[in-house]
Amino acid sequence: MKNKVRYFALFREQAGCDSEIIEWQGGTAAELFRMMTEKHQDLKTEAAALVAVNDEMSGWETPLDDMDEVLFFPPVAGG
Amino acid sequence: MKNKVRYFALFREQAGCDSEIIEWQGGTAAELFRMMTEKHQDLKTEAAALVAVNDEMSGWETPLDDMDEVLFFPPVAGG
Amino acid sequence: MKFSVSQTAIDVEAAKKRVADNSCGALVVFEGWIRDHNEGQAVERLEYEVYKPVAEKEGARIIDEAIEKFQVSHALCIHREGLLELSEVAVIVCVSSPHRGEAFDACRYIIDNIKTRLPIWKKEHYVSGISEWVNCEHCAAAGHSHRDH
Amino acid sequence: MKFSVSQTAIDVEAAKKRVADNSCGALVVFEGWIRDHNEGQAVERLEYEVYKPVAEKEGARIIDEAIEKFQVSHALCIHREGLLELSEVAVIVCVSSPHRGEAFDACRYIIDNIKTRLPIWKKEHYVSGISEWVNCEHCAAAGHSHRDH
């Protein structure tokens, strides 16, 4: 299946890009992120990272659907 | 001994005066107030009333000195 | 002065400037407004009587306690006296500190104590024509059903 | 909008007016200011990146939660994005309610959740020339020694 992945803030710098289209066998957001850390050497797992799917906050263990847009948020720091 | 007594807000209305000079045998602020409730029929004891002596907050059981100015504060309601 | 009594409208912006500090990341402000009702009665306006010599001393003491207890950078309180109309600011507390937790705690400590320790009395003038001295904080402390304002 | 993102200076007075209400006796305002230091480094200016589509939705949700949970009358939050200079207001939360306890609790709930749930990132530019993404709230949650801001 295909997913669009978007990176923000620190993750964008680590991945070296804003977004990319990934074709893969499918799975959870956590599995997709892990795959991306293998693709991008500098991209590191962060315990406090958050994930959103199609502009809604989601969970790392929620299975993704084909064409879902997956947003990887590094630890947030508003305020 | 002699003490000047001052009344505020509700107590002033109940006592019917701002202040008065009392000559008495001496004692605590609580005893003086009790005496005043006998003098002024409408003046009523209030559990949350406060007392100050010579412009410093004080306790009801502190013995008064001659010439102390005693301030009777009905329950406060700032803010 | 950390605590002051004002006969005219409180200048909230000026008060905030007095606690501004580049080393502070947090400002917490409490404003007490004149409500249009209390205990089921429609309020028209309100009158504060303040015995200044004691209020000023005790008010400054409360603020020093808060600064010491919560280690905040700056704190102040201004309380109105005299006649106030609906929606006027009756009291303002401003607290600044590097971090927000202390600023919230100190602000609340100050207003809670200002309301129970200072010789300030509030007379409410109701739309019905009646007026009455208010002392709900203490009713509350004594276990009555009134809530804090 | 109860939660909004602003690219220009936050108008604090206008925000307060939006929660004003004659039936409310209490206003609690939190302002987050840009501090001149963080983790021992001198800060020159700061940059906020906000992912608006999610921040706006989740921000409105947090405010609704606070209103529901603490039964306050009105609440709003405005967060800056882009480049900010020292002492600028980065975020403001305003809460009004009949009584003060709920207003304090709701204000704190909102800022605590805004800081941990919204896709907002802060890059600090230090006087030393270095710049760095900041994520202290989470360090704190993970038991590190950083404190909340």
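Quick note on labels: first sequence line is chain A, next is B, and so on, each numbered from 1.
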Could you walk me through whether C/Arg108 and D/Val28 pass the side-chain contact (heavy atoms from CB on, under 4.5 Å) test, one step at a time?
CA-CA 10 Å; C/Arg108 197 155 180 173; D/Val28 175; over 6 Å; no
Please report the interatomic distance CG(C/Leu27) to CD1(D/Ile92), rounded to the nearest 0.5 Å.
9.0 Å
Which region of C/Val12, side chain (C-beta onward) or backbone (N, CA, C, O), has a non-hydrogen atom less than 4.5 Å from a non-hydrogen atom of chain D, or is it both or neither?
side chain
Which answer fits D/Val89, side chain, backbone, both or neither, if we ask what part of it has an atom under 4.5 Å from a heavy atom of chain C?
neither
Under 4.5 Å from a heavy atom of chain C, the part of D/Ala20 involved:
both
May I ask you to name which of D/His37, D/Lys16, D/Glu13, D/Glu31 has the most heavy-atom pairs under 4.5 Å with chain C?
D/Glu31
Only pairs of heavy atoms separated by less than 4.5 Å count here; which of C/Ala103, C/Ser96, C/Ser23 has the most with chain D?
C/Ser23
In terms of heavy-atom pairs under 4.5 Å with chain D, the winner among C/Ser87, C/Cys24, C/Cys107, C/Gly32 is C/Cys24
List the atom of C/Phe30, the atom of D/Phe104, and the distance in Å for their closest heavy-atom pair.
CD1-CE1, 3.8 Å
